[in-house]
Amino acid sequence: MDRRKFLSVLAFGATEFLIGNRKAAARYVLDTWEPPIRKLFLNFTEYEERISTETIVIHHAGFPDGDKDSSAEEIHKFHQEVNGWAGIGYHYVIRKDGTIEQGRKPLAIGAHALHFNKNSVGICVAGNFELAKPNPQQMDSLKLLSAWLCQKYKINPLKKGAIVGHRDLNDTSCPGKNLYSKLGDIRRYCHEFNS
């Protein structure tokens, strides 16, 4: 049993003891649980808050010169200085070691999928997945983060358009063929996690 599983079992057992009802305890743990997210408190020139969240959009960093690790801070700097945006367009970045970093504030309108930013959350997985494959640590973090977002925003992961690749919304190859092919697995994981 890994550390994450051990801690979730421990939290569930403690909650069940305090609440006295197994189903209520399970619901409480799910409702209050959050994956480990490294919060960076990046400075933005401006941002608006989303009114609704209906879609999770999966991206890759996709640098043409190779499959490399990218941090939320690096992307933030690039989006501000090169694109002239308020800051990083994605809400979350998943690094090569599986670390989840917060980009835009969770309720802010993103800048990651033209015409679809006002009701979506953007997750960028570091790497170029036209060239390489996402590693197991990244996939574990992406599944956990997506499942948590589905639970948090009451998104049915099996509903058409709920969890999509950037290419489903705009004319791009993002998130790369090797990550795009895994979206079905992510949807199923999210459904099982929240059942």
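Since the model is a prediction, treat every value here as computed from it, not as a measurement. Numbering of residues begins at 1 and proceeds along the displayed sequence. Atoms considered below: every heavy atom in the structure, side chains included; atoms not considered: hydrogens, waters and symmetry mates.
Closest heavy-atom contact between Val125 and Gln138: CG1-NE2, 3.5 Å. In terms of heavy-atom proximity, Ile88 sits nearest to Ala72 at CD1-O, 3.6 Å. Minimum heavy-atom separation, Ala132 to Asn178: O-ND2, 2.9 Å. Nearest heavy-atom pair across Pro134 and Leu179 is CG-CD1, 4.0 Å. Between Cys190 and Ala147, the shortest heavy-atom contact is SG-N, 3.3 Å. The two residues Pro157 and Cys150 come nearest to each other via the heavy atoms CB-SG, 3.9 Å.
When side chains are defined from C-beta on, Phe44 counts as touching Arg104, because their heavy atoms get closer than 4.5 Å. Here the side chains of Pro35 and Ile100 are in contact, with some heavy-atom distance below 4.5 Å. Side-chain atoms of Ile56 and Tyr153, non-hydrogen and from C-beta on, never get closer than 4.5 Å to each other. Considering only heavy atoms from C-beta on, Pro106 stays 4.5 Å or farther from Val121 through its side chain.
Two rings, from His60 and Tyr180, have their centers 6.0 Å or more apart. For Phe193 and Trp33, the ring centers are positioned less than 6.0 Å apart.
Judged purely by atom type and a 3.5 angstrom limit, Glu74 uses its side chain to pair as donor or acceptor with the backbone of Ser71. For the pair Asp168 (side chain) and Gly165 (backbone), a donor-acceptor distance under 3.5 Å is present. Thr55 contributes a side-chain N or O that, together with a main-chain N or O of Gly161, makes up a donor-acceptor pair within less than 3.5 Å. The closest donor-acceptor contact from the side chain of Gln102 to the backbone of Leu42 lies at 3.5 Å or more, if one exists at all. A donor-acceptor contact shorter than 3.5 Å is absent between the side chain of Asn119 and the backbone of Thr53. Listed for the Arg187 side chain is no donor-acceptor partner under 3.5 Å among the backbone atoms of Leu158.
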Checklist entry - Can you list the steps and then say if Lys96 with Glu101 is a salt bridge (charged side-chain N to carboxylate O under 4.0 Å, His left out)? => result CA-CA 11 Å; Lys96 289 286 189 187; Glu101 296 180 339; over 6 Å; no
Item to check | Candidate pair Lys182 and Asp185, rule salt bridge (charged side-chain N to carboxylate O under 4.0 Å, His left out), full reasoning | outcome: CA-CA 5 Å; Lys182 298 185 180 299; Asp185 294 340; 5.4 Å; no
Checklist entry - Passes side-chain hydrogen bond (donor to acceptor under 3.5 Å, both in side chains), Thr172 versus Asn170? Steps please. => result CA-CA 6 Å; Thr172 177; Asn170 300 129; over 6 Å; no
Checklist entry - Taking it one step at a time, do Ile58 and Ser146 satisfy side chain to side chain contact (heavy atoms under 4.5 Å, CB included)? => result CA-CA 9 Å; Ile58 310 297; Ser146 299; 4.3 Å; yes
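Chaining together hydrophobic side chains whose heavy atoms lie under 4.5 Å apart places Val57 alongside Phe116, Val164, Leu169.
Residues Leu107 and Ile37 fall within the same hydrophobic cluster, defined by Ile, Leu, Val, Met, Phe, Trp and Tyr side chains chained together at heavy-atom separations under 4.5 Å. When the side chains of ILVMFWY residues are joined at heavy-atom separations under 4.5 Å, either directly or via intervening members, Val93 and Ile123 end up in two distinct hydrophobic clusters.
The pair Lys160-Glu54 does not count as a salt bridge, with every side-chain nitrogen at least 4.0 angstrom from each carboxylate oxygen. Between Asp67 and Lys133 there is no salt bridge, since none of the side-chain N atoms of the basic residue sits less than 4.0 Å from a carboxylate O of the acidic one. Glu46 has no carboxylate O lying under 4.0 Å from a charged side-chain N of Lys105, or vice versa, which leaves the two without a salt bridge.
No more than 12 heavy atoms of other residues, nucleotides or ligands sit less than 6.0 Å from atom NZ of Lys159. More than 12 heavy atoms of other shown residues, nucleotides or ligands fall within 6.0 angstrom of atom CD in Gln137. Crowding of Lys152 atom NZ: a count of heavy atoms from other residues, nucleotides or ligands under 6.0 Å exceeding 12.
Under a cutoff of 6.0 Å and an axis angle of 45°, Arg38 and Tyr92 do not form a cation-pi pair.
The distance from the NE2 atom of His166 to the OG atom of Ser120 is 9.5 Å, given to the nearest 0.5 Å. Atom NZ of Lys77 sits about 14.0 Å away from atom CG of Asn83, to the nearest 0.5 Å. We find the CG-CD1 distance between Leu183 and Ile163 to be 8.0 Å, quoted to the nearest 0.5 Å. For the atom pair Arg50 CZ and His91 NE2, the distance stands at 4.5 Å (nearest 0.5 Å). Separating the CG atom in Asn128 from the OG atom in Ser173 is a distance of 7.5 Å, to the nearest 0.5 Å. Atoms CD1 and OG, from Ile75 and Ser70 in turn, are 5.0 Å apart once rounded to the nearest 0.5 Å.
Between Tyr90 and His79, the angle of the ring planes lies from 30° to 60°, which puts this pair in the tilted group. His59 and His112 have perpendicular rings, their planes meeting at more than 60° on a 0 to 90° scale where under 30° would count as parallel.
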